Amino acid sequence: MELIAYFWEQEDASSVAAQLDGTVRRGRFHGEDDDEDHPWVVVLPAGVSRPELDALLTEYEGWLETADDEPAVAPPPLPSEPKRFKK
């Protein structure tokens with residue numbers, strides 16, 4: 001599973017990528033048009049040491065996201081007819 005780490009500073013992202021053999025690119029948040037507000041993304045291979053990565057995330061104030069994020073819980077089913085409050 002590929003890991004994605006986010007950093008606000010390009011230098012921080014480049015440093016982490018060099019230490020963990022990742023690739024740096026510019027990330028985008030949905031609805032953001034200003035390029036200055038986008039974080040820097042480091043795409044890391046699956047075999048990365050998690051304790052080492054966690055230490056670097058803490059040091060450079062980054063955060064982690066997995067590429068295969070799935071919803072935690074399926075949404076409840078929708079009602080098939082209107083609900084009556086009074087008889």
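All values reported here derive from a predicted model rather than from experimental measurement.
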Can you measure from OH (Y6) to CG (L57) and round to the nearest 0.5 angstrom? 12.5 Å
Is there a side-chain contact between D12 and E59 in this structure, where contact means two heavy atoms from C-beta onward sitting under 4.5 Å apart? no
Who are the side chain to side chain contact (heavy atoms under 4.5 Å, CB included) partners of S49, not counting sequence neighbours? P51, E52
Going by heavy atoms in the side chains, are L64 and L53 under 4.5 Å from each other? yes
Check the pair V24, V41 against side-chain contact (heavy atoms from CB on, under 4.5 Å), reporting the backbone distance first and the verdict last. CA-CA 6 Å; V24 178; V41 176; over 6 Å; no
Could you tell me which non-hydrogen atom of A13 sits nearest to which non-hydrogen atom of V42, and how far apart they are? O-CG2, 3.4 Å
Which residues pass the side chain to side chain contact (heavy atoms under 4.5 Å, CB included) test with Q10, sequence neighbours left out? S14, W40
Could you tell me which non-hydrogen atom of P45 sits nearest to which non-hydrogen atom of G22, and how far apart they are? CD-CA, 4.5 Å
What is the ring orientation for W63 with W8, classed by angle as parallel under 30°, tilted 30 to 60°, or perpendicular over 60°? tilted
The side-chain hydrogen bond (donor to acceptor under 3.5 Å, both in side chains) partners of Q19 (sequence neighbours excluded) come to S15
Which value, rounded to the nearest 0.5 Å, describes the distance between T23 atom OG1 and L44 atom CG? 8.0 Å
